[in-house]
Amino acid sequence: MSTKRRPDRTELLQGTLDLLILRTLRWGPAHGHAIAKAIERGSDDVLLVEQGSLYPALHRLLKRGWISFDEGTSENNRRAKFYRLTAKGRKQLDLETSKWDTLARAVGRILRPAAQD
Amino acid sequence: MKRGRRALDGLDDDIRDHIERETQDNLDRGMPPEEARRRALLKFGNVALTKEDTRAVWRWQWLEQLLQDSRYAIRTLRRRPTYALLSVLTLALGVGGTASVYGVARSVLFDPLPFAHEREVGVFWKKTDWTHEEYLYIRERVPGFSQVALFRQRDVIVREGNRPARLVRAVSASAELFDVLGVGTFLGRGFRTGDDVPGAEPVAVLSFGLWQEMGGNPSIIGTRVALDGTRRSVIGVLPRGFWFPDPAVRIWMPEPLTPESRNFNSTLVGRVAPNYDVRAMEAPVAQLAATLGQRFDYPAQWDKRQNPYITPVRDDLVGPMRPALLATLGTMALILLIGCANVAALVLGQVDARSTEFAVRSALGAKRQRLAQQLIVEVLLVATGAGALGATLAWVGFTVVTDALPLGAWAESAAPDWRVFTSAMLIAIAAALLVILIPTISLYRGDLRGVLSRSRTGGIHGRGGRLENVLVIAQVALAVMIAAAAALLARSVANLYAVEPGVRTDGMAVVDVVLGRAGNHARQEQTLTELMTALREVPGVHSVGAVQQLPLRGGGYRLGLRFPERPQIKELATEYRIVTPGYLESIGISMRHGRTIGSA
């Protein structure tokens, strides 16, 4: 059950969050909050990520072996999990990205045929 | 999953940490502490649900949920014992009844007959109405059949060792019988060509059950057993589960076939030749009838040329029982349906009574699917209880059903087994799924949030009553159907009793007397006379008579009748019974004209 909807924000498509996490981790290991922030900032706050939904997604990726994590201490001296991309995850990211591009182009062409001229 | 446990380890900390970071970010932006925390929480979403979803990633979710739901359901049911008990009992009655009738019906109607390729075996028209003469004439040349056997049922007196003599159902048949039925022996051999020739060594084949009762020793082959005073060699034991033509028959003997015998008392059964279908034998059978017509002179009423047909052996043996069994099964299923509707109404009441609970859980993030699952688990639990109880009922009911239905000898072979239990459980689960249908729909349709706000303000629930109406209508419809069926049944039973059988059974006692057939005829008569004299001496006895076979006890011997002085009366054949003086008075058969049979 999601909280109240705000009209200026877009809910994520199923599976898109996984892709965004993989993309974020390309820059290096990060902990949960940092990933959430990165996704928000990266999308100019347009994409609505209910931050909680990040965690099932992270664990899904862990289960598939696309990411792994290390226990580390963060800047404020607390234990935290730092997630990082695995080789398998990198390959998956490339695959998903190209698929996404194809889809986005196709949908864009249908929605705005004039823009392609 | 080890990886999962490591990853989930510290999930609570991870989330708390996450929210604190977000709060810190908000503080850094200059928000007041309280607002900063509130915003952080809002942004994170439902913490409990997040945790559950995250754990669910690693888990056999359904199994864990099922266990959790079962535990919860047990607690719920304990808190509502009346509801639980009522539901279990209602379903158990329906399940038990249906399972017991199904158990009987299955073994009688659906179990394969103990013959090889039963579809090739058929019974000839004019059952129990063939003579040796006819059989010997057509034996080797029945078109469309590879083999045809003659048989008749009779009772024989079995004497073995010092045990009291007893009457056992037997079949006397031509040597082809076991080949026609396609059955081998468990021990020894079956009949052989020549066994049915008059003067052949008297032999007998036993059923598996009788052999077991006689000690179950394989050395029985070759020993002698006295049947009707004749000592016969036991040549074989049939396999377990074999029966023909009904399960009460336990001895098979060759019938000495004499061409002179004109006793119309045998039945013909045959196995069709390759490429013939037992359901389409009109042409060959018509040909056979024509052959018979050329050789024999039939009076019009007993004309075997009229309407010849072959009945597939399954129809012949179990056909007469099918309507009664199916009707009983149908009635039981209806009662079960009513039970389901009742329990569905109970569950619906539960959904209503617990709507606040459901609403709160929904508000806390439970999905409707999860709530429905909860309800389903609860009903399945009830159904399991009902299934277990129903199976017990079915076990007991099995005997009641076999006694109540006109199964005859079949009742002996029908015994409850584990399949009754399995079918009870399956029926219970099917019933549960039926029960849960309507409450689930109601759950999906209902406005759970609305319930919450209304109940908070003390409002009245306003759920639509359409589903309840459907239930009530269904129940009433089913009840009317059952009432009508019951009335019809009562009517048929009443009609059955209304038929005047012509005898008065009140104040009458019957003694079954078994006289050895091979004994001296004069001695038999003497025994009977002495017995009747002794009975007449008993205080309160008004009259005594004897008869070969009681009325309404089915087939006997037939005699052809001709009236030489009255040529206008057509020749006819009828069943007859040999009686003693006093019999007609004793059994209450009144005379229209003339006098009764007097003593010499």
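Lettering follows sequence order; numbering is per chain, from 1.
At a 4.5 Å heavy-atom cutoff, the contact between D25(B) and chain A is made by side-chain atoms alone.
Of all non-hydrogen atoms in P56(A) and V57(B), the two that sit nearest each other are O-CG2, 3.6 Å. Taking every heavy atom of both residues into account, R21(B) and A80(A) meet most closely at NH2-CB, 4.1 Å. Taking every heavy atom of both residues into account, L11(B) and K81(A) meet most closely at N-NZ, 4.3 Å. Contact record, D14(B) with Y55(A): O-OH, 3.8 Å, taken as the closest heavy-atom pair.
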>> One pair to check against side-chain contact (heavy atoms from CB on, under 4.5 Å): L8(B) and H59(A). What are the steps and the verdict?
In response: CA-CA 8 Å; L8(B) 285 171; H59(A) 282 250; 3.7 Å; yes
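Taking the side-chain hydrogen bond (donor to acceptor under 3.5 Å, both in side chains) definition, one finds that K37(A) meets it with E22(B), sequence neighbours left out.
Between K43(B) and E40(A), some side-chain heavy-atom pair lies under the 4.5 Å cut-off.
Residue pairs that meet the salt bridge (Lys or Arg N to Asp or Glu O under 4.0 Å) test with at least one member in residues 67-76 of chain B, sequence neighbours left out, are D69(B)-R370(B).
Interatomic distance, NE2 of H33(A) versus CD1 of I15(B), reported as 13.0 Å (0.5 Å rounding).
Within 6.0 Å of atom CZ in R80(B), more than 12 heavy atoms from other residues, nucleotides or ligands are found, so the atom counts as buried in its surroundings.
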